[in-house]
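Below is one structure, written out as structure tokens; the observations come after it.
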Amino acid sequence: MSTAIGFKNVSKHFKGAGYNAVDHVNLSIEHGELITILGSSGCGKTTLLKMINRLYEPDEGRIEFFGEDISSSDPVKFRRKIGYVIQQIGLFPHMTVADNIATVPKILKWSKEKINARIDELLELVGLEPGEFRNRYPAQLSGGQQQRIGLARALAVNPDVMLLDEPFGAIDAINRINLQDELLKIHAASKKTFLFVTHDINEAFKLGTRVLIMDQGNIQQFDTPDNIVENPANDFVRSLIDSVKGQERFIGD
Ligand SMILES: Nc1ncnc2c1ncn2[C@@H]1O[C@H](COP(=O)(O)OP(=O)(O)OP(=O)(O)O)[C@@H](O)[C@H]1O
């Protein structure tokens, strides 16, 4: 396995804040992992993710992408190697599903045939019938369907790394479970590196090959779900686990 993402003593400080949003973080993520990043609101999850695709620059430290320091890359070209899915989806409302998915392939000047084949392949991958959905507009889709299109668009050019920031946060419980199951299949088939931010403990433990637990910009524990449940690193992690123990869905039970 190769290391997909490395953080070397990375900090990010926002003006006026009492503490670093991300505080001297060191971590190493192997290619092919599905890392879930878990923590309460404001603990630095989104900031950590946005430093990977250079929407934010660290104030200190270095981030490596397959061994290369990302600060020396061209941000726009670099970002095309990374899929990005957010809760607000951000589909282009005036464009059809097909055109939304084709955005980056068109920028990269793929042939029409290749783009059309890829659109159909991706729609099938995210569980939507191409004949039925290709020509619809975002307003003609449910929230869950829009989120599937967001996922398809992010996967279009087969990025090495996918960043997913609470992608299912606004989806109802039943659809959310279906989407989680499909994400697991998509990840397994892609063999790529996925980083998935959530504040839902059940979601984090269900999806993550390893779970990164954060509080106030610091990593509290970074380990497999089983190891975290068996050996919580500190009181913070212990109370997090205790808060969901006894719930039917919790995999640690
Ligand atoms: N652009 C910004 N300017 C100033 N402060 C910011 C900015 N973005 C984030 N912060 C602050 O940095 C801290 C971490 O924010 P971040 O969005 O990373 O948290 P989070 O864990 O993703 O939270 P949530 O689950 O609510 O999305 C917070 O205190 C937040 O207020």
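Since the model is a prediction, treat every value here as computed from it, not as a measurement. Starting from 1, each residue takes its place in the sequence as its number. As the structure lists them, so they are numbered: ligands from 1, and atoms in each ligand from 1.
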Using a 4.0 Å cutoff against the non-hydrogen atoms of [X], which atoms of ligand 1 qualify?
X	value
Glu166	25 (O)
Ala21	12 (O), 13 (C), 14 (C)
Thr47	14 (C), 15 (O), 16 (P), 18 (O)

field: Any Ala17 heavy atom less than 4.0 Å from ligand 1
entry: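 Flag not set, Ala17 not near ligand 1.
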
message: Using heavy atoms and a 4.0 Å limit, tell me yes or no: is Cys43 in contact with ligand 1?
response: yes

Protein heavy atom at shortest distance from [atom]:
atom	result
atom 25 (O) of ligand 1	Lys45 NZ, 2.8 Å
atom 1 (N) of ligand 1	Tyr56 OH, 3.3 Å
atom 27 (O) of ligand 1	Thr46 OG1, 3.8 Å
atom 29 (O) of ligand 1	Gly42 O, 3.9 Å
atom 26 (O) of ligand 1	Ser41 OG, 2.6 Å

- line: By side-chain hydrogen bond (donor to acceptor under 3.5 Å, both in side chains), Asn9 pairs with (sequence neighbours left out) none

cation_pi([X], [Y]) dist<6.0 Å, angle<=45:
X	Y	value
Arg210	Phe222	yes
Arg153	Phe92	yes
Lys81	Phe65	no

message: Evaluate Phe14 for polar contact with ligand 1, using N/O atom pairs at a separation under 3.5 Å.
response: no

- prompt: Under 4.0 Å from atom 31 (O) of ligand 1, do we find at least one protein heavy atom?
  reply: no

task: Check Leu151, Val85, Ile86, Leu183 against Pro167 for a side-chain contact (heavy atoms from CB on, under 4.5 Å) and give me the one that passes.
output: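 Going through Leu151, Val85, Ile86, Leu183 one by one, the side-chain contact (heavy atoms from CB on, under 4.5 Å) with Pro167 is satisfied by Val85 alone.
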
field: Partner residues of Lys191 under the side-chain contact (heavy atoms from CB on, under 4.5 Å) criterion, sequence neighbours left out
entry: none

message: Walk me through whether Ile101 and Leu123 qualify under side chain to side chain contact (heavy atoms under 4.5 Å, CB included).
response: CA-CA 9 Å; Ile101 295 174; Leu123 284 172; 3.9 Å; yes

field: ligand 1 versus Ser40: contacting region, heavy-atom distance under 4.0 Å
entry: backbone

message: Please say yes or no: joined through hydrophobic side-chain contacts below 4.5 Å, possibly via intermediate residues, are Val97 and Leu155 part of one cluster?
response: yes

Within one Ile-Leu-Val-Met-Phe-Trp-Tyr cluster: Leu163 and Ile37, side-chain cutoff 4.5 Å: yes

